[in-house]
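What follows is a single structure, written as structure tokens, with notes after it.
Since this is a predicted model, take the numbers as computed values, not measurements.
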Amino acid sequence: QLQLVEPGGGLVQSGGSLRLSCTASGDTLDWFVVGWFRQAPGKERERVSCMTSGGENTVYADSVKGRFTISRNNVKGKVYLQMNSLKSEDTAVYYCAAEGSDYDCLGPQRFDYWGQGDQVTVAT
């Protein structure tokens with residue numbers, strides 16, 4: 001059973017940068033599609049980014065494209081989200097997630113494994 005742990009979010013000034021991390025345990029990360037989601041109060045959960053298991057395909061939401069970068073280190077069991085040029089609209093609880101199927105990140109897909117979520121607050 002794959003488990004995902006997010007050590008923490010953070011507080012950052014508008015225009016600043018923050019890197020989120022997620023640690024996988026219980027299974028190797030190599031065979032999992034990984035993604036980042038976020039949810040702001042009163043809003044539905046939004047998929048921020050998705051990366052295929054081999055890194056062949058990476059997809060970003062329009063709201064973050066050009067500012068956020070997803071990456072992974074399968075040896076360390078780590079998933080990262082580098083967030084640059086942060087805006088107040090980026091304030092949300094961020095979740096890392098993983099899916100064991102051969103998902104290409106190009107359409108809707110259920111993710112079976114989730115981190116606990118981390119609060120990211122962008123101060124204006």
Side-chain angles (χ1 to χ4, degrees):
Q1 180 89 284
L2 183 72
Q3 294 180 338
L4 299 171
V5 177
E6 302 172 58
L11 173 65
V12 63
Q13 293 284 341
S14 179
S17 298
L18 186 68
R19 189 181 76 164
L20 301 180
S21 64
C22 178
T23 302
S25 63
D27 205 348
T28 58
L29 196 60
D30 303 52
W31 315 116
F32 289 87
V33 175
V34 297
W36 287 93
F37 295 75
R38 68 184 181 185
Q39 188 165 24
K43 298 181 179 179
E44 293 186 349
R45 187 168 57 199
E46 174 189 24
R47 192 181 78 171
V48 174
S49 185
C50 180
M51 176 178 279
T52 54
S53 59
E56 297 90 351
N57 193 29
T58 305
V59 177
Y60 297 93
D62 289 340
S63 57
V64 306
K65 190 174 183 179
R67 299 187 297 119
F68 290 10
T69 303
I70 187 173
S71 61
R72 62 194 296 168
N73 186 323
N74 290 335
V75 174
K76 294 183 176 182
K78 298 280 191 178
V79 186
Y80 306 97
L81 184 68
Q82 178 66 46
M83 304 183 292
N84 299 324
S85 300
L86 283 162
K87 308 173 182 179
S88 60
E89 305 94 274
D90 297 317
T91 296
V93 176
Y94 284 73
Y95 302 86
C96 64
E99 167 60 37
S101 64
D102 292 330
Y103 176 44
D104 61 4
C105 291
L106 298 180
Q109 173 67 40
R110 185 183 73 178
F111 282 70
D112 290 334
Y113 306 97
W114 293 83
Q116 81 280 5
D118 287 314
Q119 177 68 47
V120 173
T121 301
V122 182
T124 59

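- Between the side chain of Asn57 and the backbone N or O of Asp104 there is at least one donor-acceptor pair closer than 3.5 Å.
- The two residues Cys22 and Leu4 have their closest heavy-atom pair at SG-CB, 3.7 Å.
- Annotation for Asp112 and Arg110: closest pair OD1-NE, 2.9 Å, computed over non-hydrogen atoms.
- In this structure, the separation between CG on Leu86 and OG1 on Thr124 is 12.5 Å, given to the nearest 0.5 Å.
- By the criterion of side-chain heavy atoms lying less than 4.5 angstrom apart, applied directly or through intervening Ile, Leu, Val, Met, Phe, Trp or Tyr residues, Val33 is not grouped with Val64; the two fall into different hydrophobic clusters.
- Each side chain to side chain donor-acceptor pair (under 3.5 Å) pair with one or both residues in residues 10-22, not counting sequence neighbours, appears once here: Ser17-Asn84.
- The shortest side-chain heavy-atom distance between Asp90 and Met83 does not fall under the 4.5 Å cut-off.
- Panel note: side chain Arg72, backbone Thr52; a donor-acceptor pair is recorded below 3.5 Å.
- Across every non-hydrogen atom of Asp118 and Pro7, the tightest pair is OD2-N, 4.0 Å.
- Taking the side chain as every heavy atom from C-beta outward, Leu106 and Val59 approach each other to under 4.5 Å.
- The nearest pair of heavy atoms linking Val120 to Gly9 is CG2-CA, 4.3 Å.
- A donor-acceptor contact shorter than 3.5 Å links the side chain of Glu6 to the backbone of Gly117.
- No more than 12 heavy atoms of other residues, nucleotides or ligands shown are found within 6.0 angstrom of CD on Gln1.
- Listed here is the closest heavy atom pair of Ala92 and Ala40: CB-N, 3.9 Å.
- Ring-plane geometry between Tyr94 and Phe68 is classed as tilted, the angle between the planes lying from 30 to 60 degrees on a 0 to 90 degree scale.
- Residues Leu29 and Val79 share a closest heavy-atom pair of CD2-CG2, 3.6 Å.
- Atom CH2 of Trp31 is separated from atom OG of Ser101 by 14.5 Å, given to the nearest 0.5 angstrom.
- Applying the side chain to side chain donor-acceptor pair (under 3.5 Å) test to Thr121 and every residue at least two apart in sequence or in another chain returns Gln119.
- Within the 4.5 Å cutoff, the side chain of Thr69 has heavy atoms near those of the Tyr60 side chain.
- Glu56 contributes atom CD, which lies 9.5 Å from atom CE of Met51 (distance to the nearest 0.5 angstrom).
- For the atom pair CD of Gln39 and CD of Glu44, the computed distance is 8.5 Å after rounding to the nearest 0.5 Å.
- Side-chain atoms of Ser49 and Thr58, non-hydrogen and from C-beta on, do get closer than 4.5 Å to each other.
- Hydrophobic clustering of Ile, Leu, Val, Met, Phe, Trp and Tyr side chains at less than 4.5 Å, counting indirect connections, keeps Phe37 apart from Val34.
- Judged by distance alone, the side chains of Glu89 and Ser63 never bring a donor and an acceptor atom under 3.5 Å apart.
- In this structure the side chain of Leu18 reaches within 4.5 angstrom of the side chain of Leu20, judged on heavy atoms.
- Using a distance-only test at 3.5 Å, with no hydrogens or angles considered, no donor-acceptor pair links the side chain of Ser85 to the main chain of Arg67.
- Both Val122 and Trp36 are part of a single hydrophobic cluster, where members link through side-chain heavy atoms under 4.5 Å apart.
- In the hydrophobic clustering of this structure, Val93 groups with Phe111; members are Ile, Leu, Val, Met, Phe, Trp, Tyr whose side-chain heavy atoms approach within less than 4.5 Å, directly or through other members.
- Between Trp114 and Tyr95, the ring planes are perpendicular. Angles over 60° get that label, and only those under 30° would be called parallel.
- Put simply, CD on Gln3 and CD on Gln116 are 11.0 Å apart, with the number rounded to the nearest 0.5 Å.
- Note that CG of Asp27 and CZ of Phe32 are 4.5 Å apart. Values are rounded to the nearest 0.5 Å.
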